[in-house]
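Atoms within a ligand are numbered from 1 in the order they appear, just like the ligands themselves. Starting from 1, each residue takes its place in the sequence as its number.
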Amino acid sequence: MSFELPKLSYSFDALEPHIDAKTMEVHYSKHHQTYVDKLNAALEKYPALFEKTPEELVTGLNTLDVDEVTRLAIKNHGGGVVNHSFFWQVINPNNQQDKELADDITKAFGSIEEFKKKFTTEALGRFGSGWIWLVKHPDDGQLEVCSTANQDSPLTTGHTPLIALDVWEHAYYLKYQNRRAEYIDAWWNVLKII
Ligand code: MN
């Protein structure tokens with residue numbers, strides 16, 4: 001038994017011109033697939049873990065009964081699997097506005113515009129590869145903007161991801177090269193949920 005790449009429910013060109021079809025194709029069918037393949041390889045020694053979902057593995061990362069090499073592989077490749085699965089949902093072009101989420105954001109940040117400013121600043125400031133998140137905090141349920149390095153998932157620290165932005169260069173380099181700011185601007189255009 002092994003994990004499979006979750007099906008993408010829209011076409012590669014559905015987010016044009018903001019996110020181009022070639023980037024989507026490579027990002028989904030090469031990068032995301034490789035995270036799936038490497039997670040599967042990492043679990044060969046621990047086949048019982050295939051009973052869990054990748055989300056459960058990443059959530060319980062620090063308490064899994066595995067050796068440290070495997071734990072790191074699950075962190076990196078399991079994180080890559082769940083982060084991308086979530087990202088495709090966040091930017092699904094068929095999404096409708098989530099009124100409740102928009103209201104919660106307005107309450108937490110003052111306005112949608114203020115939230116976008118804060119999120120964009122975080123995205124521009126993330127050094128190297130990583131992700132920017134809107135999460136719900138596990139203790140008080142407050143919404144907060146944060147970022148993680150590499151493929152680290154907020155699930156591991158008990159946070160619930162609500163919005164995700166991939167700022168690895170593979171997410172934008174084909175179209176935007178080094179211009180991360182342009183990619184972030186374009187990404188706001190494909191985010192329909194707020
Ligand atoms: Mn990516």
Side-chain angles (χ1 to χ4, degrees), residues 2-43 53-59 61 72-95 116 119-135 145-157 159-193:
S2 60
F3 297 121
E4 287 180 8
L5 186 64
K7 205 171 150 32
L8 190 67
S9 64
Y10 46 92
S11 61
F12 293 139
D13 64 0
L15 303 168
E16 289 272 11
H18 308 293
I19 299 179
D20 61 293
K22 189 69 190 170
T23 295
M24 282 297 297
E25 182 187 349
V26 173
H27 201 174
Y28 171 77
S29 48
K30 304 294 182 194
H31 290 278
H32 197 179
Q33 180 70 61
T34 300
Y35 291 119
V36 172
D37 294 344
K38 290 190 171 178
L39 177 62
N40 285 333
L43 295 193
T53 65
E55 284 77 9
E56 286 169 343
L57 290 172
V58 169
T59 300
L61 180 70
L72 182 61
I74 295 171
K75 181 183 182 183
N76 289 336
H77 307 301
V81 170
V82 304
N83 291 344
H84 287 91
S85 298
F86 183 67
F87 186 57
W88 309 134
Q89 292 173 41
V90 165
I91 59 175
N92 186 328
N94 303 312
N95 283 345
K116 285 187 173 181
F119 194 99
T120 298
T121 300
E122 189 81 24
L124 289 170
R126 173 82 246 168
F127 180 74
S129 298
W131 290 78
I132 318 308
W133 306 92
L134 175 70
V135 295
V145 170
C146 64
S147 70
T148 58
N150 306 316
Q151 292 297 348
D152 295 0
S153 166
L155 293 171
T156 305
T157 51
H159 294 75
T160 307
L162 302 171
I163 292 176
L165 170 60
D166 186 349
V167 295
W168 281 60
E169 283 186 344
H170 69 226
Y172 60 90
Y173 206 86
L174 287 178
K175 183 175 170 78
Y176 297 100
Q177 292 83 51
N178 61 320
R179 304 186 304 277
R180 185 186 284 188
E182 278 183 41
Y183 160 66
I184 296 166
D185 279 350
W187 174 78
W188 286 117
N189 286 304
V190 300
L191 188 75
K192 308 289 187 202
I193 54 174

Please step through side-chain contact (heavy atoms from CB on, under 4.5 Å) for the pair Val90 and Asn95, ending with a clear verdict. CA-CA 8 Å; Val90 165; Asn95 283 345; 5.6 Å; no
Could you grab the protein N, O or S atoms closer than 2.8 Å to the Mn ion (ligand 1) for me? His27 NE2, His84 NE2, Asp166 OD2, His170 NE2
Under 3.5 Å: donor-acceptor pair, side chain of Glu16, backbone of Ala21: yes
Ring centres of Tyr172 and Trp187 under 6.0 Å apart? no
Please work out whether the ring planes of His27 and Trp88 are parallel, tilted or perpendicular, with thresholds of 30° and 60°. perpendicular
Please step through side-chain hydrogen bond (donor to acceptor under 3.5 Å, both in side chains) for the pair His31 and Trp168, ending with a clear verdict. CA-CA 11 Å; His31 290 278; Trp168 281 60; over 6 Å; no
Give every residue pair that meets the salt bridge (charged side-chain N to carboxylate O under 4.0 Å, His left out) criterion with at least one member in residues 170-180, sequence neighbours excluded. Arg179-Glu182
